[in-house]
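Contents: one structure, followed by commentary.
Chain letters run A, B, ... following the sequence lines, proteins first and then strands; every chain starts at 1. This one's a predicted model, so the numbers in the text were calculated from it and none came from an experiment.
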2 protein chains.
Amino acid sequence: MGRDAWRAIRDRISDEIASGVLLPGTRLPTEPELRRIFDTGRHSVRRAMAALAMEGKLRVEQGRGTFVEDAPKLNYHVGRRTRFRQNLRSQGFEPSGETISEEIVPASCRVADALQLAEGAPVHRLLRRDMADGVPINLGFTFQCATRFPDWAALRREGQSVTEAYRAHGIIEYFRRSTSVHSRRAREEEAELLQQHIDQPVLVVRKVDVDRHGVPIGHSEGIWAASRVQFVFDGADDVPLRPHSPQQVALTTDGSS
Amino acid sequence: MGRDAWRAIRDRISDEIASGVLLPGTRLPTEPELRRIFDTGRHSVRRAMAALAMEGKLRVEQGRGTFVEDAPKLNYHVGRRTRFRQNLRSQGFEPSGETISEEIVPASCRVADALQLAEGAPVHRLLRRDMADGVPINLGFTFQCATRFPDWAALRREGQSVTEAYRAHGIIEYFRRSTSVHSRRAREEEAELLQQHIDQPVLVVRKVDVDRHGVPIGHSEGIWAASRVQFVFDGADDVPLRPHSPQQVALTTDGSS
DNA sequence: ACGGATTTGTTCGTATGTATA
DNA sequence: CTATACATACGAACAAATCCG
């Protein structure tokens, strides 16, 4: 190996995964074995493994070994009136999930801002973990004002849907005010819950729902395993773009000068 | 330093950036200096730098040094009828950009699929690079059928907007059919053009536009520096969610069983 | 224009800690 | 408990890019 040993190893293994020589779930040779195979030092092997783990192509487990990732790659349709379960089932994945925590906490700065409450005001915080075929996909926080929705936790615990819980509190119609998406490094707890590499990024999706008067009633924050999901915004948000009004149209990210 | 040297270094520097002790653009001490400061080996220092560079907090340049990143963090509003320039100006950034390449190429599998053409059919491919305050934000590919839009490149070269170019070819109204977002590792050329670390992820945004008959007329693929942008889907795609029809509503990623 | 100094990138070696089987 | 396998840490050398006299 020359001066690009780790890239060569990365690309070689990446190719073998892509071409099907290495099947999902397969265990890779151990580091000493890879060292012999590629006739290189341990650092180069580890650098390549780290890069592939970061992309989500490998799953590295201390004490066990390194495996070809077999996590699902799902298209998650946002903005449609479908539920998580339907969303997954339509793509052949088996949805599951669990409630990790459910408590009343003082609103953080961000939550207070989203819900238009005072910082520190009591809010219901629900944390769920959703999975596809048993593989963690998303950590979902939801926040509702505990004063406005006193029975929220109880209703949700009884198995009521979000919509039903809102209706029980007199809200019969509500709207999505905004959805934002950005990427960041996973915190260590998140990486653990999502069963992904420490250095792998997550996609953070934040939403605010408002009632018919425009008053915020709910805020949610989803932490998604970035390598396992693609978001699709389709259909519903099709807005006709009319070239007739010249200053109002942008289809591409057009910033020529 | 004990057994978590690199995390300690990472967190320490991360804190100093967050608290303003280290200002954007500041040059960090060199590796030998940091080694002495933290009384540790070079590997630990480099591991910490790599982690911070991956998050977009540091910019490492071989032969020059390591700097606190001062790239903009912008909210990019998608789906609105605003242009890239307006989008940036409203947040106080100075937009700029350049056309990197402009040619007719055979359609790749993905492009052919998006535009409903045969694989290998000739398409216009335009590559632009857009920047905010001189920092690269986005690499934007656009694809149009060269047969249907023979004068595309010429019109665009003359400074016509996408909309105007469409109109010149008889299309007076068009729609966004779908938008998808996912994350992946940047390729080396992309990392170079975006001036970001090799291991940093990018956000890939793909769109398909259709005419009034639903026929695809344009496809675009944006490669965004993930650490410099947050996408906001707002306003226009607000669809009333009516709890009255019980099976149709999902506000949270609700997958309880 | 060139060469040496500086700084980061890659590679090799080795030892020890920690989680798993 | 022992063996295996990955995680972290130390040290050293040379390559490549940049800077500066």
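Comparing dC10(D), dG11(D), dA7(D) by their nearest atom to the side chain of Val60(A) picks out dA7(D). When distances run from any side-chain atom of Arg64(A) to the nucleotides dT11(C), dT20(C), dC6(D), the shortest one goes to dT20(C). The side chain of Arg27(B) sits closest to dT7(C) out of dC6(D), dT7(C), dT8(D).
To the nearest angstrom, P of dT8(C) lies 18 Å from CH2 of Trp6(A). Protein atom CD of Glu31(B) is 17 Å distant from nucleotide atom P of dA13(D), rounded to whole Å. Atom CG of Asp4(A) is separated from atom P of dG9(C) by 14 Å (rounded to the nearest Å). For the pair Met49(A) CE and dC6(D) C1', the interatomic distance rounds to 12 Å; values are reported in whole Å. Rounded to a whole Å, the CZ atom of Arg59(A) is 15 Å from the C1' atom of dA19(C). Rounded to a whole Å, the CZ atom of Phe38(A) is 17 Å from the C1' atom of dC12(C). In this structure, the CG atom of Asp39(B) is 19 Å from the P atom of dT8(D), given to the nearest Å. One atom, CG of Leu34(B), and another, P of dG9(C), lie 13 Å apart when rounded to the nearest Å.
Remark: side-chain polar atoms of Glu69(B) are not paired, donor with acceptor, to backbone N or O of Gly25(B) under 3.5 angstrom. Checking side-chain atoms of Gln196(A) against main-chain N and O of Glu192(A) turns up no donor-acceptor pair under 3.5 Å. Arg129(A) contributes a side-chain N or O that, together with a main-chain N or O of Leu193(A), makes up a donor-acceptor pair within less than 3.5 Å. A donor-acceptor pair under 3.5 Å is formed between the side chain of Arg228(A) and the backbone N or O of Pro136(A).
Using a 4.0 Å heavy-atom cutoff across all strands shown, Arg46(B) reaches at least one base atom of the nucleic acid. Looking at heavy-atom distances under 4.0 Å, Gly41(B) makes contact with sugar-phosphate atoms alone, never a base. In this structure, Arg47(A) reaches neither bases nor backbone, as no heavy-atom distance under 4.0 Å exists between it and the strands shown.
Between Thr66(B) and the phosphate of dT8(C), there is a side-chain N or O to OP1/OP2 separation shorter than 4.0 Å. Contact annotation: Ser44(B) reaches the phosphate of dC10(D) (side-chain N/O to OP1 or OP2, under 4.0 Å). Using a 4.0 Å cut-off, no side-chain N or O of Thr30(B) falls inside it from OP1 or OP2 of dT6(C).
Annotation: of the two residues near DNA chain D, Pro29(A) and His43(A), the 5′-most nearest-nucleotide partner is Pro29(A).
Using the six-membered ring where Trp is involved, Phe231(A) and Tyr76(A) have ring planes that are perpendicular, over 60° apart on the 30 and 60° scheme.
Judged by atom type and distance alone, Arg42(B) reaches the base of dG9(C) through a side-chain donor-acceptor pair under 3.5 Å. For Arg10(B) against dT8(D), no side-chain N or O and base N or O form a donor-acceptor pair under 3.5 Å. Applying the 3.5 Å distance criterion, the base of dA16(D) shares a donor-acceptor pair with the side chain of Gln62(B). Arg7(A) contributes no side-chain N or O that forms a donor-acceptor pair with the base of dT11(C) under 3.5 Å.
A salt bridge does not link Asp15(A) with Arg10(A): every distance from a Lys NZ or Arg NE/NH1/NH2 to an Asp or Glu carboxylate oxygen is 4.0 Å or more.
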